[in-house]
Amino acid sequence: MKSFLNDISLKAPSAAAIETITFSPISTISESDFRIRDSEFGEVAGSPLPDQGICPDCAREFFNPEERRYQYPFTSCTICGPRFTIIQDLPFDRPRTTMAEFRLCPDCLSEYTKAADRRFHAQTIACPNCGPQLWFADAKGRRLAVDPALETGKLLGAGAIIGVKGIGGYHLACSATDEDAVRRLRCLKGRDNRAFAVMFRNLTTLQEHCELSPVEADILSSPARPIMLLLQKQPKQLAPSVNPGLRELGAFLPYTGIQFLLFDPEISALVMTSGNRSGEPLSIDDWEAFRDLGPMVDGFLGHNRSIRWRCDDSVLRRQQDTTLGIRRSRGYAPAPIKVDRELIPLLACGAQQKNVFALTKGKHVYLSPHQGDLDKLPTFTAYQETIERFMRLLQCKPEWAIHDLHPDYNSTLYAKGSALKTIGIQHHLAHIASVIAACQVKGPCIGVVFDGSGYGTDGKIWGGEFFSGEGANWQREAALSDYPLPGGAAAIREPWRMAAAYLQSSDRQSLQEWLTEQNLTEPWKTLEVAAGLGINTPYTSSMGRFFDGIAALIGGPCYTSYQGEAAIWLENQAETKVTSSYPFHIEQTATGLRLDPGLIAVQVYQDLKRHEQGIISMKFHRTMAAFIVETATLLRKETGYQQIVLGGGVFQNRLLMDLSVSLLKDKGFQVWIPDLIPLNDGGIALGQAWLGSLMIERGITDVFSDTR
Ligand code: ZN
Ligand code: ZN
Ligand code: FE
């Protein structure tokens, strides 16, 4: 019995998460066999499992012609296969999944009931005789009498785009070496310049294209099978339109038999991008897919098992000995995050972009799968439905809804329109709280948030903040000086406006010169008049805008198609051998420390006459890292705080993160970066949940104080 107890944790299957083990002596009950009894209804303990990529044993069967599951795309077992995406209700038993309609054949039933079989009680057990089947349809959704896998392989090899139904939704697939196909996909999807992810046949092919560490290889092959951002080997062997101008490639491996079938002998790398219309939710329903994706594809490879929960692929990156979450979704959601204390039952609504919401239960925070940007109605509708269903699934009955301070975020409107009591939390404090909750940081810290935008308590748009404090007691200590955001949100899509705004107040002569060079004098005139009158010109201290503005200033995109494009361009220019930086001055003002970005912009512009973009970009990155370290050092002198928490989407900049962390560590700071929890707005809900609960307990609605 002792060794049995030990084995529970030592020999636990890969997907098991053991919370606690308790034991006590009981009297024998004269049982002589081993059985798994039917689940009884009642309060549900435990959590739904994330989806598990096909395991090595099942993959071996899939590729072995001797096996009865040879090339059967729905091969799975007790440790692998879909879980969350097919669940209707807890506990996870077949009748409560979308596998319910497939009745076991005698062979499967015998495996299912034999305690020694590796499919003993496998709820997703299936075989070619009794399980789900593939079909192939044309772009209009009409089924064709062809071999679905052969037809798909043939078409992909000939440059076609195929809608492929997977585990958490549809993908759009095309050959990653066929430039015409990739370009056509980009055009049909109305896709901005963002990079596509590439699925490789196996680890060996992946390694021919990307630099890969052993840890990265392990994560890629783990049951979660996330997309990992890896440095792509030069010269690039894939179609240039996959990730134009970028050093990194999002790479992943097949996680279901369906995807094994896509790689016919001709094809070893496929673009696999979410099957959705731009800005809308991933298609999971077949008719939805025919309607929305039909115009983009040459055919569909689908199957007759329905998907219950939409789940986009997760995106991660290894950096600073941590696995950074860019998007935490399939393979990870809805596994709960454990925090350091019991939380009030609540709903954390998340932000507007890259939305993830959360529910709490005891010490657990359940982060939803990625919901996307809530701007468009179909996404907002899906968000609301998913919240309702997630509450039912987890049996959570929150009394509170925690929301962002931004009055126009759809997540805020949802909270306010619900029957729940509400609390608003400042966007960047939620970023910091998210890291504190994820890393279980103890004691006071300095929080550095470099972000795109977040509604501030003064009605301005924040995004370059230093906080100090702990728990529910915080101070805003330092920031970038406020600059006009000419034309409001339009300035996010047009970084040249920020470049002009920085030059304007610091060096009008340079501004005129630059506008003339760029042929932007006319559009600026209108904006300048509007700004003078205070029309549609909010003020911002955003670090994201600063990176964008500097990019535009030195020849990067003046108009962008997605958030972060200019900053990503700037990072990819950087000549990493450069060791110099720009001088700067941190000013003490009545409202805290301030750095004037305009004064740096002017130096950058002057430098452009002497140096190449790559040198300037690197100098700028070094300057921002130095700004972090100098400000943190000043704050440490005042507060004595040693711990630094980094948050906000700007830290997804690999170069900035590496430079800042190594400088901070050199100065003796302890730097916290969370595993898997995104630094971008995908992590906001965790912070809202943790901090919101604390505020409710203390009966407070404001966490900013003037006293330390
Ligand atoms: Zn398996
Ligand atoms: Zn069967
Ligand atoms: Fe943010």
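Heads up: numbering here begins at 1 and tracks the sequence. No hydrogens, no waters, no symmetry mates; every other heavy atom, side chains included, goes into these values. All ligand and atom numbering here is 1-based and tracks the order in the structure.
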Inset, instruction - Using the Zn ion (ligand 1) as the apex, give the angle to atoms SG (Cys58) and SG (Cys80), rounded to 10 degrees. - result: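 Approximately 100° at the metal, rounded to tens of degrees.
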Legend entry - Ring centroid separation Phe263 to Phe200 under 6.0 Å: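 Between Phe263 and Phe200, the centre distance exceeds or equals 6.0 Å.
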Inset, instruction - Report yes if the distance between the aromatic ring centroids of Tyr483 and Phe546 is under 6.0 Å, otherwise no. - result: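 No - the distance between ring centres of Tyr483 and Phe546 does not fall below the 6.0 Å cut-off.
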Legend entry - the Fe ion (ligand 3) reached by His431 (N, O or S, under 2.8 Å):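 Of the N, O and S atoms in His431, at least one lies under 2.8 Å from the Fe ion (ligand 3), which means yes.
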Legend entry - Side-chain donor-acceptor pair present, Asp681, Gln352, cut-off under 3.5 Å: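 There is no such pair between these side chains.
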Legend entry - Side-chain donor-acceptor pair present, Asp51, Tyr255, cut-off under 3.5 Å: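 Short answer, no.
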Legend entry - Heavy-atom closest contact (Thr85 atom, Gly168 atom, distance):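 Looks like CG2-CA, 3.7 Å.
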Legend entry - Non-hydrogen atoms of Ser314 and Arg328 that approach each other most closely: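 In this case the closest contact between Ser314 and Arg328 is OG-C, 3.8 Å.
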Measuring from the Fe ion (ligand 3), name the closest N, O or S atom belonging to [X].
X	value
Asp681	OD1
His427	NE2
Asp451	OD2

Legend entry - SG (Cys130) - the Zn ion (ligand 2) - SG (Cys108) angle, nearest 10°: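 SG of Cys130 and SG of Cys108 make an angle of 110° at the Zn ion (ligand 2), to the nearest 10°.
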Inset, instruction - Could you grab the angle centred on the Zn ion (ligand 2), going from SG in Cys105 to SG in Cys127, to 10°? - result: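 SG of Cys105, the Zn ion (ligand 2) and SG of Cys127 span an angle of about 100°.
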